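Just so it is clear, the structure is predicted and the values come from calculations on it, not from any experiment. In what follows, chains are A, B, ... by sequence order, proteins preceding strands, each numbered from 1. Only heavy atoms go into these numbers, but all of them, side chains included; no hydrogens, no water, no symmetry mates.
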Amino acid sequence: MSSILDGLNEQQLEAVTLPHQSALILAGAGSGKTRVLTTRIAWLIQTGQVSPLALIAVTFTNKAAREMLTRVSAMLPISTRGMWVGTFHGLCNRMLRAHHRDAGLPQTFQILDSADQLSVIKRVMKGLGVDDEKYPPKQAQWFINANKEEGLRAHQVEATDDFSRRLNEVYAAYDGQCTREGVVDFAELLLRCYELLQRNELLRSHYQARFRHLLVDEFQDTSRLQYLWLRLLAGADNAIFAVGDDDQSIYAFRGARSGNMLEFERDFGVRKVIKLEQNYRSHGNILDAANALIRHNRLRLGKNLWTSESGGEPLRQYEATTDVDESAYILDEVRTLHAEGVRLSDVALLYRSNAQSRVLEHALFTAAIAYRVYGGLRFFERQEVKHALAYLRLVSNTDDDGAFLRVVNFPARGIGNRTLEQLQARARDGAASLWRAACAQPPQGKTGASIVAFLSLVEDMRAATRGLPLPEVIEHVIEASGLIAHYKTEKEGGDRVDNLEELVNAGTAFAAEEGLAARTADAPAENEVFTADRPSGLDGFLAHAALEAGEHQASAGADALQLMTVHSAKGLEFHTVFISGLEEGLFPHENSLNEDGGLEEERRLMYVAITRARRRLYLCHAQTRMLHGQIRYNVASRFLDEIPAELVKRVNTASPATGFFGSRAPSFAPAPAPQPAIVGGFRIGQSVRHPRFGSGVIIKAEGRGADARVQVNFRDSGLKWLALEYAKLSAA
DNA sequence: CCTCATTGAGTTTTT
DNA sequence: CTCAATGAGG
């Protein structure tokens with residue numbers, strides 16, 4: 001008889017069948033981490049040690065959570081509905097919805113994404129009269145989130161200097177504003193939930209009694225706050241099964257502390273640390289490269305991956321002259337691979353930062369190769385969708401100032417800044433929301449009438465949608481708000497109308513998945529105090545939109561080349577992987593070099609990138625690259641030097657395409673004629689004019705054709721290098 | 001008060 | 001380059 005345990009190796013089997021005790025599983029890349037986790041869940045349930053509802057499994061991404069559920073239900077004939085499997089944010093949201101009163105939140109509390117959060121911060125700072133030159137709102141946002149991830153409220157923050165004291169004032173005022181509006185940001189979901197459990201003993205012991213087993217994926221990425229939350233939920237008697245890999249910790253920048261692994265061992269008296277070191281994914285050379293690279297990091301728990309596979313192909317390294325050359329090379333190779341029968345969807349093109357996808361996309365688009373870009377603008381982040389969501393948020397909760405401000409004058413209805421500033425001032429004075437302020441004392445005059453019209457528009461929407469099923473609510477709102485009509489008149493608005501209609505579909509899909517089809521938007525969810533399940537109806541949908549900003553398009557089955565950042569590639573694997581832009585300053589990124597531990601994190605990132613490949617790995621870099629509209633000259637990444645040369649085959653002999661590049665001077669005879677070099681119609685010594693810099697004289701030139709650059713001495717602006725292809729230079 | 005245009009500034013990773 | 005914020009004109 002076949003068992004779910006079949007095919008596990010010794011360490012995997014041991015991990016899966018551990019008794020009820022806390023354990024740490026150090027799982028290297030490709031060592032079957034997800035399999036162990038899901039089999040553990042299935043085994044616990046199958047052997048009757050735990051009911052499906054008495055365990056909780058936490059991941060970082062929605063994708064991972066879905067994957068876990070899919071795999072579990074493939075192993076066991078049980079319904080996964082109602083199981084507590086999800087992201088930290090998703091699970092906390094669920095608890096807060098169920099106990100919103102105890103948590104001090106309105107039933108309809110809304111979730112802010114980072115952009116929403118930033119705009120609240122800007123508003124608050126304006127209200128406090130904080131100089132946003134000296135205190136960039138972005139930095140205030142970082143300050144607030146970093147402290148929340150540490151579990152600290154404003155009154156707990158130790159601000160030692162004037163600067164952070166001021167930021168901390170913003171933090172306090174921001175939290176006050178969010179409370180008034182009934183909105184929470186991402187970190188707040190966790191912190192609020194943690195405080196709820198900490199404060200409310202009844203709830204805490206209920207959940208502690210319920211969740212005998214806690215399973216945590218990607219444990220190295222947990223923040224201080226997430227760890228505290230887990231520890232609280234585990235209490236004295238429950239077992240945490242933590243799976244992680246310190247070498248793949250790549251989220252320190254947002255508060256992840258791989259040190260939690262050591263703390264976990266201490267706090268829970270972990271007796272069992274199991275290392276999974278056999279890699280089932282990659283050929284030997286790829287693994288050797290990864291191992292050699294990561295050995296340059298000092299702060300490691302120590303682990304060495306091995307495989308029973310042969311070495312396989314050598315890694316391939318390509319040095320391109322330009323970023324365009326790099327993508328042309330990649331394109332060629334992809335074509336060849338595809339012709340050899342490798343599926344495009346089994347090939348990944350990885351880069352350090354999203355900006356790099358542009359050139360690659362351009363090349364792929366021109367060559368008509370199917371590709372899919374992960375990341376970037378997500379469905380629920382598109383402007384038209386956010387507008388529609390703002391109307392929906394107002395239907396749910398009129399105190400949501402962010403939503404109010406977003407659509408009070410969209411589509412335009414003649415309400416300007418002045419009116420809104422007055423309204424905001426009155427709201428501040430009365431410590432009320434904009435909506436309440438406007439209702440209490442409707443503004444006078446022509447624009448006042450527009451405000452009143454807006455208020456009744458939203459009121460009418462609320463009345464008209466009460467009791468309707470979710471998709472019809474959305475349909476009504478996008479129509480009645482005038483959004484559809486507005487985008488229909490815009491000439492580039494076709495896609496936006498499509499997206500709005502797609503939002504209705506998203507609502508239908510959500511309702512179906514949640515089994516709400518028959519339920520209505522305003523009908524109360526079953527009033528179970530402790531077992532209250534997923535949020536329902538409109539609020540549930542809005543939470544879904546915020547928490548799952550849109551793997552909406554991701555799983556479409558078409559065979560397409562996969563483009564993504566290294567970060568978003570974590571957890572995935574491909575037959576062939578291209579890593580592009582392996583240059584100092586880009587990868588490792590220059591910003592990381594100043595932060596302590598920054599370089600080691602970049603190296604772990606590189607480690608993640610390498611270990612995504614099963615069979616073939618390309619390492620690409622370019623001598624010059626366009627960045628911020630300027631050409632940058634880069635040297636090869638140090639990470640390339642950290643990979644043993646015998647594993648790598650250099651597929652080109654770095655020959656500069658033009659004589660102007662590279663360190664090797666062309667060894668030809670002196671220029672035949674003494675006439676000045678002519679580049680793109682300009683010559684050295686010529687007087688030119690630039691729209692921004694004014695007039696100047698060309699003093700140097702290099703490169704040819706599309707790469708041509710000239711150095712100009714401007715009368716007013718001094719020396720500048722300009723790319724002829726982009727700079728609007730004219731003869732003077 | 002709105003729209004358009006220009007200018008200026010900023011660019012890592014994401015639940 | 002590309003987005004966001006600012007300023008002049010309708």
Side-chain angles (χ1 to χ4, degrees), chain A residues 58-65 86-93 111-115 117-119 122 132-133 136-138 142 145 148-149 184-190 218 221-223 225-226 249-256 323 350-359 362 374-378 380-381 383 409-421 445-447 450 543 546-551 564-570 581 585-595 598 601-602 604-606 608-609 625-632 691-692 723 725-727:
Chain A
V58 200
T59 63
F60 277 84
T61 66
N62 298 297
K63 204 164 62 182
T87 63
F88 279 101
H89 297 87
L91 295 170
C92 285
N93 175 50
I111 299 167
L112 304 178
D113 67 18
S114 340
Q117 181 189 34
L118 188 59
S119 79
K122 282 181 183 164
D132 57 3
E133 296 272 298
K138 278 251 174 68
W142 183 87
N145 290 335
K148 286 191 180 185
E149 287 293 349
V184 298
D185 58 58
F186 286 135
E188 183 71 22
L189 283 171
L190 305 180
E218 308 278 17
D221 284 336
T222 50
S223 69
L225 176 58
Q226 287 161 339
S249 161
I250 55 175
Y251 286 108
F253 70 93
R254 66 171 200 215
D323 47 355
L350 306 184
Y351 34 80
R352 176 66 179 84
S353 63
N354 276 312
Q356 288 167 254
S357 74
R358 176 172 300 284
V359 183
H362 180 77
Y374 289 75
L377 196 55
R378 303 200 258 245
F380 288 114
E381 286 171 354
Q383 121 168 235
N409 195 36
F410 195 96
R413 43 178 78 87
I415 299 165
N417 258 332
R418 233 182 118 60
T419 317
L420 288 177
E421 266 167 31
K446 212 169 80 190
T447 57
S450 305
L547 290 175
E548 196 157 348
E551 232 100 330
M564 65 191 86
T565 64
V566 181
H567 280 90
S568 39
K570 188 159 80 144
L586 252 185
F587 198 178
H589 197 278
E590 52 198 346
N591 295 0
S592 72
L593 300 178
N594 303 322
E595 300 155 21
E601 174 141 323
E602 294 287 306
R604 290 192 295 269
L605 200 49
M606 180 67 183
V608 168
R625 180 178 298 275
M626 190 62 117
L627 208 61
H628 322 324
Q630 283 237 308
I631 294 178
R632 280 185 35 159
R692 191 145 116 238
E725 198 185 355
Y726 298 100

Between the protein and nucleotides 2-8 of chain C, list the N/O to N/O atom pairs that are separated by less than 3.5 angstrom.
{"residue": "C:dT2", "atom": "OP1", "partner": "A:Arg358", "partner atom": "NH1", "Å": "3.1"}
{"residue": "C:dA5", "atom": "OP1", "partner": "A:Lys122", "partner atom": "NZ", "Å": "2.9"}

Whole-angstrom distance between B:dT11 and C:dT6, as gauged at atom P: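 B:dT11 and C:dT6 have their P atoms separated by 16 Å.
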With a 4.0 Å cut-off on heavy atoms, is [X] in touch with a base, just the backbone sugar-phosphate, or nothing at all?
X: A:Tyr251; result: sugar-phosphate
X: A:Phe253; result: base
X: A:Ser114; result: base

Do the side-chain N or O atoms of A:Asn354 get closer than 4.0 angstrom to the phosphate oxygens (OP1, OP2) of B:dT13?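 Checking B:dT13 against A:Asn354, a side-chain N or O does come within under 4.0 Å of OP1 or OP2.
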Is there a side-chain contact between A:Ser353 and the phosphate of B:dT11, meaning an N or O under 4.0 Å from OP1 or OP2?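 Result: no.
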Pair of N/O donor and acceptor under 3.5 Å linking B:dT12 base with A:His589 side chain: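 Answer is no: no donor-acceptor pair is held.
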Separation of [X] atom [atom1] from [N] atom [atom2], in whole Å?
X: A:Lys570; N: B:dT12; atom1: NZ; atom2: P; result: 20 Å
X: A:Glu149; N: B:dT14; atom1: CD; atom2: C1'; result: 11 Å
X: A:Asp323; N: C:dC1; atom1: CG; atom2: C1'; result: 12 Å
X: A:Trp142; N: B:dG10; atom1: CH2; atom2: C1'; result: 19 Å
X: A:His362; N: C:dC1; atom1: NE2; atom2: P; result: 13 Å
X: A:Glu188; N: B:dT15; atom1: CD; atom2: C1'; result: 15 Å
X: A:Lys138; N: B:dT14; atom1: NZ; atom2: C1'; result: 14 Å
X: A:Leu190; N: B:dT15; atom1: CG; atom2: P; result: 13 Å

Quiz question: by atom type and distance under 3.5 Å, do the side chains of A:Ser114 and A:Gln117 form a donor-acceptor pair?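 No donor-acceptor contact under 3.5 Å links the two side chains.
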Checking [X] now: which residues fulfil salt bridge (charged side-chain N to carboxylate O under 4.0 Å, His left out) with it, not counting sequence neighbours?
X: A:Arg604; answer: A:Glu601
X: A:Arg358; answer: none
X: A:Glu602; answer: A:Arg352

With sequence neighbours excluded, tell me which residues meet side chain to side chain donor-acceptor pair (under 3.5 Å) with A:Ser450.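 So A:Ser450 forms no side chain to side chain donor-acceptor pair (under 3.5 Å) with any residue.
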Do A:Phe380 and A:Asp113 come within less than 4.5 Å of each other through their side chains, counting heavy atoms only?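 No. Closest side-chain heavy atoms not under 4.5 Å.
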Note, A:Arg625 side chain near A:Leu586 side chain (heavy atom, < 4.5 Å):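 Answer yes - side chains close enough.
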Output one line per pair: protein atom, nucleotide atom from nucleotides 1-5 of chain B, and distance, for all N/O pairs under 3.5 Å.
{"residue": "B:dC1", "atom": "OP1", "partner": "A:Thr419", "partner atom": "OG1", "Å": "2.6"}
{"residue": "B:dC2", "atom": "OP1", "partner": "A:Asn409", "partner atom": "ND2", "Å": "3.1"}
{"residue": "B:dC2", "atom": "OP1", "partner": "A:Ile415", "partner atom": "N", "Å": "2.8"}
{"residue": "B:dC2", "atom": "OP1", "partner": "A:Ile415", "partner atom": "O", "Å": "3.1"}

CZ-OG1 distance between A:Phe60 and A:Thr87, expressed to the nearest 0.5 angstrom: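 Interatomic distance, A:Phe60 CZ to A:Thr87 OG1, rounded to 0.5 Å: 9.5 Å.
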Given B:dT14, B:dT12, B:dT15, the nucleotide with the shortest approach to the side chain of A:Ser568: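 For A:Ser568, the side-chain atoms sit closest to B:dT14.
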Angle class for the A:Phe253/A:His567 ring planes (parallel below 30°, perpendicular above 60°, tilted otherwise)?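 If you compare the ring of A:Phe253 with that of A:His567, the planes turn out perpendicular.
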Taking the side chain from A:Asn62 and the backbone from A:Leu547, do they hold a donor-acceptor pair closer than 3.5 Å?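 Pair found, side chain donor or acceptor close to backbone of A:Leu547.
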